[in-house]
Amino acid sequence: MISTLGACPPENAQLLFNNVDVSNWTKRGGEPAEWKVEDGVLHVVPGKKDIMTKSRFRDFFLHLEFRCPDMPEATAQKKGNSGVFLQGRYEIQVLDSSGWASPGKADCGAVYNQFAPLENACAPAMQWQTYDIIFRAPRCNESNAVVEAARLTVLLNGIVIQNNVQLAGVTGAPLDEKVEEPGPILLQDHSDLVCYRNIWITPLAEKGSDTYEPH
Ligand code: MG
């Protein structure tokens with residue numbers, strides 16, 4: 001039993017998936033989302049395109065659960081592929097790479113084509129798995145140039161697989177490259193029958209107080 005499954009959102013969290021429908025999600029172009037919801041589970045419908053939240057975020061803590069289909073004949077990037085795009089710009093890969101000796105920069109838990117996971121924490125197909133992601137948006141100056149890179153930490157099934165990595169920039173097929181702006185959480189339709197549930201987010205303050213007041 002993996003303890004992060006079924007994690008309860010804290011009081012200040014926002015539910016991104018309401019367990020009933022996709023009314024607070026759209027396609028990339030803003031059209032209504034068309035993924036299927038059954039028994040509180042959100043299903044990719046192949047061909048119905050990526051979906052993203054109507055809400056936009058800067059720094060956040062995100063929890064979600066996913067399940068890859070069993071595709072024993074499929075290999076590499078064709079095996080239970082989906083993805084979680086932070087701000088619609090930075091993909092954390094979803095893939096059935098369970099059991100692979102040395103997952104690379106395109107396998108489950110990778111920051112797509114930038115950072116491989118530190119270890120393989122991916123559970124077998126058809127098992128529910130968790131992502132817990134802490135994201136710090138890039139800091140930009142008045143000209144929208146990045147002065148501090150985006151950073152993120154990822155736990156897969158409770159195991160740290162990305163440790164405060166600094167991103168070189170957006171990953172492939174981003175929603176846009178306006179990295180100075182807040183962005184949605186986007187889930188990828190890569191034509192495989194991946195499912196999601198228990199998706200919630202806690203926006204984070206961009207900094208704490210800078211005063212020193214002994215109490
Ligand atoms: Mg993907």
Side-chain angles (χ1 to χ4, degrees), residues 16-17 22 25-29 33-36 41-53 57 60 62-100 102-133 135 150 152-157 159 161-162 165 167-177 179 183-199 201:
L16 297 182
F17 172 48
V22 285
W25 298 72
T26 70
K27 294 181 180 177
R28 282 182 181 236
E34 294 185 82
W35 289 18
K36 184 175 67 177
V41 174
L42 175 61
H43 296 255
V44 173
V45 180
K48 296 296 186 185
K49 310 290 188 185
D50 303 341
I51 65 170
M52 61 184 192
T53 59
F57 305 96
F60 56 79
L62 171 70
H63 174 89
L64 64 76
E65 305 181 10
F66 66 93
R67 189 181 69 193
C68 291
D70 190 19
M71 303 177 72
E73 308 299 323
T75 57
Q77 295 293 296
K78 294 193 164 64
K79 202 172 174 70
N81 195 330
S82 181
V84 180
F85 283 66
L86 312 176
Q87 291 191 319
R89 304 183 183 112
Y90 312 95
E91 182 183 7
I92 308 301
Q93 175 70 310
V94 169
L95 192 77
D96 177 13
S97 45
S98 64
W100 298 0
S102 183
K105 293 197 289 188
D107 297 332
C108 199
V111 180
Y112 197 83
N113 207 21
Q114 290 195 27
F115 293 95
L118 295 172
E119 60 182 287
N120 192 344
C122 187
M126 298 308 293
Q127 285 193 23
W128 282 103
Q129 311 195 48
T130 60
Y131 267 147
D132 289 283
I133 300 170
F135 177 76
L152 58 84
T153 293
V154 179
L155 286 74
L156 172 57
N157 300 322
I159 295 169
I161 57 162
Q162 300 289 353
V165 292
L167 308 191
V170 300
T171 59
L175 180 64
D176 62 41
E177 297 193 35
V179 300
I185 301 303
L186 182 148
L187 303 177
Q188 184 184 45
D189 167 18
H190 204 282
S191 303
D192 293 337
L193 300 172
V194 174
C195 303
Y196 292 91
R197 71 178 186 191
N198 197 21
I199 311 171
I201 196 166

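What you are looking at is a predicted structure, and each value in this text was computed from that prediction instead of being measured. Atom set for the values below is all heavy atoms of this structure, side chains included, hydrogens, waters and symmetry mates excluded. First listed ligand is number 1; within each ligand, the first listed atom is number 1.
- In summary, Gln188 places an N/O/S atom under 2.8 Å from the Mg ion (ligand 1), meeting the contact criterion.
- Judged purely by distance below 3.5 Å, without hydrogens or angles, the side chains of Gln77 and Gln93 pair a donor atom with an acceptor atom.
- To the nearest 10 degrees, the angle centred on the Mg ion (ligand 1) between OE2 in Glu91 and OD1 in Asn81 reads 170°.
- Below 30°, between 30° and 60°, or above 60°: for Tyr196 and Trp35 the angle between ring planes is below 30°, a parallel geometry.
- Ion pair Lys49/Glu34 not flagged as a salt bridge, since none of the NZ, NE, NH1 or NH2 atoms sits closer than 4.0 Å to an Asp/Glu carboxylate oxygen.
- The distance from atom CH2 of Trp128 to atom CZ of Phe66, rounded to the nearest 0.5 Å, is 10.0 Å.
- At least one N/O/S atom of Ser82, from backbone or side chain, sits under 2.8 Å from the Mg ion (ligand 1).
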